[in-house]
Amino acid sequence: SEVDVQGMELHIPPSSARAAILGPKGGRHQPKITLLVSQIRCKDVTLIIDTTKPGKEPLEFDIQSLKLQDVGQTQPFTYQAELINPKPIGKIHAEGHFGPWNVDDPRETALDGNYSFSHADLNTIKGIGGILSSHGQFAGVLDHITIDGETNTPDFSLDVSDHPMPLHTVFHAYVDGTNGDTYLDPVQARLLDSDFTAQGKVVVVKGKGHDIDLNVDIPHGRMQDFLELGVKTKPPLMNGVLTMKGHLHIPPGDTRVLGKLELAGNFQLRSVRFNSSSIQDKVDGLSARAQGKPKEVAEYSTDKQAEVSSMMSAKFSLVHGLANVQDLHYQIPGALVLLNGVYSTDGNVFEFKGHVRTEAVASV
């Protein structure tokens, strides 16, 4: 009827080890005694999925509490599990069905269920902050688990700016149970009022952590949302409509996220207006002068109103907090500014060079 277990350790061997045990013909092992247990209550369970893949470590799950119902040889059983995720630190609750146990190849044992991940502290990852919660469903076998879920972080932040912002994601992914690698296809995210998608993978690197490799697409975002997340100044330097395609890589290692982040791609900004009235007035005055309207220059340069909006596009790469910008086209009514340069996310480096083309003829 009932069984209590304390300190159970369960090893799932790799396929090569299974073949060595079973021999060349394999064959299903049939137990001599068939048991049906109504309820098994386990505390302090360690589940270890071993691997022989180079550069990979065994996956280890420390489960504080595990309850199993109707456990038998030929049928799936129900379970409820409670465990603590190590990084980011947070509590996971999962319940669903597991089995029947595949004796010949435990990795082919089926499972399904629902999960909730609460109060995950992102501050345990250097460079980012916030409290994340997540819930979803999963199904498959230990080797290949498909997951559909969503996350909510109302106060997501980067330490370089420390401006908490809401971040919500909906994702479809699968996990390779042999090594913990996760493949995201896709993640649909919303940062404040900006939507974007990401596709790629999160790979476990032995002794180092996770290697994150994603393709990011922002079809119609707000520039001010991304500036507020990543830059110290508030309000953000500018408002505008952002379109961007880029490749994001965050290598493993115990380093701040922004310090090791690598991002490359191209972007376009439309309907750009600066939040600083002094900067916007300079842009307005430059536009009037470039259009050959000298009478409006003085007024537009001092009225603290936005007379024109601008547009820009460029190729870029961001490595270790330093951005290189190539073929920057900055366009306002009457003028086109062509620039190349570099700037740092901490604001200490800002150097651009180029030239300006105007509609008006320069006076002598």
Side-chain angles (χ1 to χ4, degrees), residues 55-57 59 85-90 117 120-132 134 147 149 151-153 155-176 179-191 194-218 221 225-232 242 244-267 315-325 342-346:
K56 300 292 184 180
E57 293 179 324
L59 287 181
N85 191 69
K87 185 179 284 192
I89 294 176
F117 187 19
D121 187 0
L122 297 181
N123 293 283
T124 56
I125 302 174
K126 284 188 177 181
I128 65 175
I131 301 298
L132 176 145
S134 178
I147 305 175
T151 72
N152 188 49
T153 312
D155 55 351
F156 181 75
S157 66
L158 300 176
D159 63 355
V160 68
S161 59
D162 196 24
H163 294 157
M165 300 181 69
L167 175 64
H168 180 79
T169 72
V170 177
F171 63 88
H172 176 77
Y174 78 87
V175 177
D176 184 341
N179 51 36
D181 293 348
T182 302
Y183 299 84
L184 303 166
D185 188 21
V187 177
Q188 298 173 330
R190 185 173 183 84
L191 177 69
S194 294
D195 296 318
F196 60 97
T197 60
Q199 293 177 299
K201 58 186 178 180
V202 181
V203 176
V204 179
V205 180
K206 184 176 182 178
K208 296 182 179 180
H210 295 84
D211 188 286
I212 301 172
D213 193 274
L214 301 173
N215 291 316
V216 181
D217 184 13
I218 306 173
D225 293 344
F226 296 95
L227 286 176
E228 185 172 343
L229 176 67
V231 181
K232 290 181 180 180
L242 171 66
M244 189 196 84
K245 288 183 180 292
H247 178 253
L248 172 67
H249 179 224
I250 303 177
D254 192 23
T255 308
R256 294 171 54 248
V257 169
L258 199 62
K260 60 184 179 179
L261 181 147
E262 302 168 5
L263 180 63
N266 58 75
F267 72 87
K315 299 176 183 178
F316 71 93
S317 64
L318 174 64
V319 180
H320 305 311
L322 187 67
N324 283 274
V325 181
V342 297
Y343 75 91
S344 60
T345 54
D346 60 11

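We number each residue from 1, following the sequence as shown.
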I need the minimum non-hydrogen distance between [X] and [Y], along with the two atoms involved.
{"X": "Thr124", "Y": "Pro88", "value": "OG1-CA, 3.4 Å"}
{"X": "Leu158", "Y": "Ile128", "value": "CD2-CG2, 3.7 Å"}
{"X": "Asn123", "Y": "Gly129", "value": "OD1-CA, 3.5 Å"}
{"X": "Pro252", "Y": "Lys260", "value": "C-NZ, 3.9 Å"}
{"X": "Leu184", "Y": "Ala173", "value": "CD2-CB, 3.7 Å"}
{"X": "Thr197", "Y": "Gln188", "value": "CG2-CG, 4.2 Å"}

Where the side chain of [X] meets the backbone of [Y], is there a donor-acceptor pair that is under 3.5 Å apart?
{"X": "Asp155", "Y": "Ile131", "result": "yes"}
{"X": "Asp181", "Y": "Val204", "result": "yes"}
{"X": "Thr151", "Y": "Ser134", "result": "no"}
{"X": "His163", "Y": "Ser157", "result": "no"}

To the nearest 0.5 angstrom, please state how far the [atom1] atom of [X] sits from the [atom2] atom of [Y].
{"X": "Asp217", "Y": "Lys245", "atom1": "CG", "atom2": "NZ", "answer": "3.5 Å"}
{"X": "His320", "Y": "Leu261", "atom1": "NE2", "atom2": "CG", "answer": "10.0 Å"}
{"X": "Leu167", "Y": "Leu132", "atom1": "CG", "atom2": "CG", "answer": "8.5 Å"}
{"X": "Tyr183", "Y": "Asp176", "atom1": "OH", "atom2": "CG", "answer": "6.0 Å"}
{"X": "Asn85", "Y": "Ile89", "atom1": "CG", "atom2": "CD1", "answer": "9.0 Å"}
{"X": "Lys126", "Y": "Asp159", "atom1": "NZ", "atom2": "CG", "answer": "10.5 Å"}

[X] vs [Y] side-chain heavy atoms within contact, under 4.5 Å:
{"X": "Tyr174", "Y": "Asp185", "answer": "no"}
{"X": "Phe226", "Y": "Phe267", "answer": "no"}
{"X": "Phe316", "Y": "Leu263", "answer": "yes"}

side-chain contact (heavy atoms from CB on, under 4.5 Å) between Ser161 and Val231, intermediate numbers included: CA-CA 5 Å; Ser161 59; Val231 181; 5.6 Å; no
Name of the residue among His249, Lys201, His247 meeting side chain to side chain donor-acceptor pair (under 3.5 Å) with Asp213: His247
